[in-house]
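Taking it in order: structure first as structure tokens, then the write-up.
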There are 2 protein chains.
Amino acid sequence: MPKFLDSLPMILSRSLDRVMPSYRRLFQANDLTDQQWRVLRALWEKQHLTSAQISQITLLPPPSLVGILDRLEKKNLIGRLRSTEDRRHIHIIPTQKGRALMEHMMPMVESIHDDFMQRVTAAEWDEFNRILNKLSEPTKKRNLA
Amino acid sequence: MPKFLDSLPMILSRSLDRVMPSYRRLFQANDLTDQQWRVLRALWEKQHLTSAQISQITLLPPPSLVGILDRLEKKNLIGRLRSTEDRRHIHIIPTQKGRALMEHMMPMVESIHDDFMQRVTAAEWDEFNRILNKLSEPTKKRNLA
DNA sequence: TATGAATTATTCATATATGAACTAATTATA
DNA sequence: TATAATTAGTTCATATATGAATAATTCATA
């Protein structure tokens, strides 16, 4: 009984390792990293977001986000705009080039997603989400012995 | 319908982000990173493994493994031993100190695992694994348009 | 309204991920 | 058996993760 390989972290990591290459080929073909795409994808839903909002949506930690935004900005895919109301906030806005890239990639990204969805029934997908949520929903901190 | 947050990669990433802190507090209390623990955990099952075997078991990419092993070796938790039959292979072996640390941590790691398992029934856990495997099982390379 | 607390983005140090390339050792083949 | 192809571990360059700390700004409150 190799419990290690069946632990929750290893199961989730292994699945991620298996799922990501399908997406990554598309990202690389468009000169993007996984994380850079995540930021663009977040901006697809809403055109201007602050760094903190992007961090929350994409799950990218703020210190990582700084560099990711730097590189997206250098590629002229996004712009940074400091807010006038609250000068601590910086709005991230896709450029024309950024929007064009998003429009180009979105159908292919959705197609990959649909391919994965077709592997299971809608009921299975719901059940999967329900159980995974039970397994991983946030909780109080655990005491260490 | 924010399909992005419900995509397979984001769901898996979010769950990992929620699960890992429970473990990480224990790892940090013992001056280990997630990955360093993974290597020790792999050596728990079998005392001598080659780098390639560890990489496969732990899902750690070989270039990362080099540094991880370096740091474990520097902490005197493992040793590297070049094979005499095939001098390309390097056997990784836990030291006495490494074995002691594993013995100390294993019960707590298992306890954390058990806590997660108690969140779902055995049937749910099986169903979860079955669906996740369907979702993420390896496949042929996908054509890009 | 001065002053401490909270917030936002950032920097820093260290560790890891990713893909390409490289070295030494071994195996397969002409 | 010389030579090409493989294999194991590693190095390199670049990008990201993690946790602590910091600067600038705003908020709360005495």
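Note: hydrogens, waters and symmetry copies are ignored here, and every other heavy atom, side chains too, is used. Letters A, B, ... are given to chains in the order of the sequence lines, protein chains preceding strands, and every chain is numbered from 1.
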(request) Name all residues meeting the salt bridge (charged side-chain N to carboxylate O under 4.0 Å, His left out) criterion together with A:Asp86; count only those two or more places apart in sequence or in a different chain, and write none if there are none. (result) A:Arg88
(request) Enumerate the residue pairs fulfilling salt bridge (charged side-chain N to carboxylate O under 4.0 Å, His left out) with a member in residues 76-85 of chain A, sequence neighbours excluded, ordered by first and then second residue. (result) A:Asp70-A:Arg80, A:Glu73-A:Arg80
Between protein and nucleic acid, restricted to nucleotides 19-21 of chain D and to nitrogen or oxygen atoms under 3.5 Å apart, what atom pairs and distances do you find?
from	atom 1	to	atom 2	distance (Å)
D:dG19	OP1	B:Gln28	NE2	2.9

(request) Not counting sequence neighbours, which residues clear ring pair (Phe, Tyr, Trp, His ring centres under 6.0 Å) with B:Trp125? List them please. (result) B:Phe128
(request) May I ask you to evaluate whether B:Gln35 reaches the phosphate of D:dA17, defined as a side-chain N or O under 4.0 Å from OP1 or OP2? (result) no
(request) Quickly work out the A:Ile92 CD1 to C:dT8 P distance and round it to whole Å. (result) 14 Å
(request) Can you sort out the partners of A:Asp17 under salt bridge (charged side-chain N to carboxylate O under 4.0 Å, His left out), two or more places apart, ordered by chain and number? (result) none
(request) Applying side-chain hydrogen bond (donor to acceptor under 3.5 Å, both in side chains), name anything that partners A:Asn129, two or more places apart in sequence or on another chain. (result) none
(request) Under a 3.5 Å limit for both distances, which nucleotide forms a Watson-Crick or G-U wobble pair with C:dC12, could you say? (result) D:dG19
(message) Distance check needed: C:dA17 P versus A:Asp17 CG, whole Å only.
(response) 9 Å
(request) Calculate the interatomic distance between B:Leu60 atom CG and D:dA8 atom P; express it in whole Å. (result) 17 Å
(request) Rounded to the nearest 0.5 Å, what's the gap from CG on B:Leu72 to CG on B:Leu40? Could you check? (result) 5.5 Å
Using a 3.5 Å cut-off and no angle test, enumerate the donor-acceptor pairs between side-chain atoms of residues 90-101 of chain B and protein atoms at least two apart in sequence or in another chain.
from	atom 1	to	atom 2	distance (Å)
B:Thr95	OG1	B:Asn76	O	2.7
B:Thr95	OG1	B:Leu77	O	3.2
B:Thr95	OG1	B:Lys97	N	3.4
B:Thr95	OG1	B:Gly98	N	3.0
B:Gln96	OE1	B:Arg99	NH2	3.2
B:Lys97	NZ	B:Lys75	O	3.0
B:Arg99	NH1	B:Pro94	O	3.1

(request) Could you say whether B:Thr33 or A:Val66 is positioned toward the 5' end of DNA chain C, judged by the nucleotide with the nearest heavy atom to each? (result) A:Val66
(request) Please name all residues satisfying side-chain hydrogen bond (donor to acceptor under 3.5 Å, both in side chains) with A:Lys134, sequence neighbours left out, ordered by chain then number. (result) B:Glu124
(message) Categorize B:Leu65 for me: base, sugar-phosphate, or nothing, with a 4.0 angstrom heavy-atom threshold over every strand shown.
(response) nothing
(message) So, using side-chain hydrogen bond (donor to acceptor under 3.5 Å, both in side chains) as the criterion, who are the partners of B:Glu110 when residues are at least two apart?
(response) A:Lys3
(message) Give the residues of residues 67-91 of chain A touching DNA chain D, defined as any heavy atom closer than 4.0 Å, sorted by residue number.
(response) A:Ile68, A:Arg71, A:Glu85, A:Asp86, A:Arg87, A:Arg88
(request) Enumerate the residues from residues 51-59 of chain B whose closest heavy atom to DNA chain D is under 4.0 Å, giving them by residue number; use none for an empty result. (result) B:Ser51, B:Ala52
(message) Could you tell me how far apart B:Leu49 (CG) and D:dA8 (C1') are, to the nearest whole angstrom?
(response) 15 Å
(message) Suppose we screen for side-chain hydrogen bond (donor to acceptor under 3.5 Å, both in side chains). Which residues come up paired with A:Gln35, at least two apart in sequence or across chains?
(response) none
(request) Identify the two heavy atoms, one from B:Met102 and one from B:Trp44, that lie closest to each other, and give their separation to 0.1 Å. (result) CE-CA, 3.3 Å
(request) Using whole Å, report how far CD of B:Gln36 lies from C1' of C:dT14. (result) 11 Å
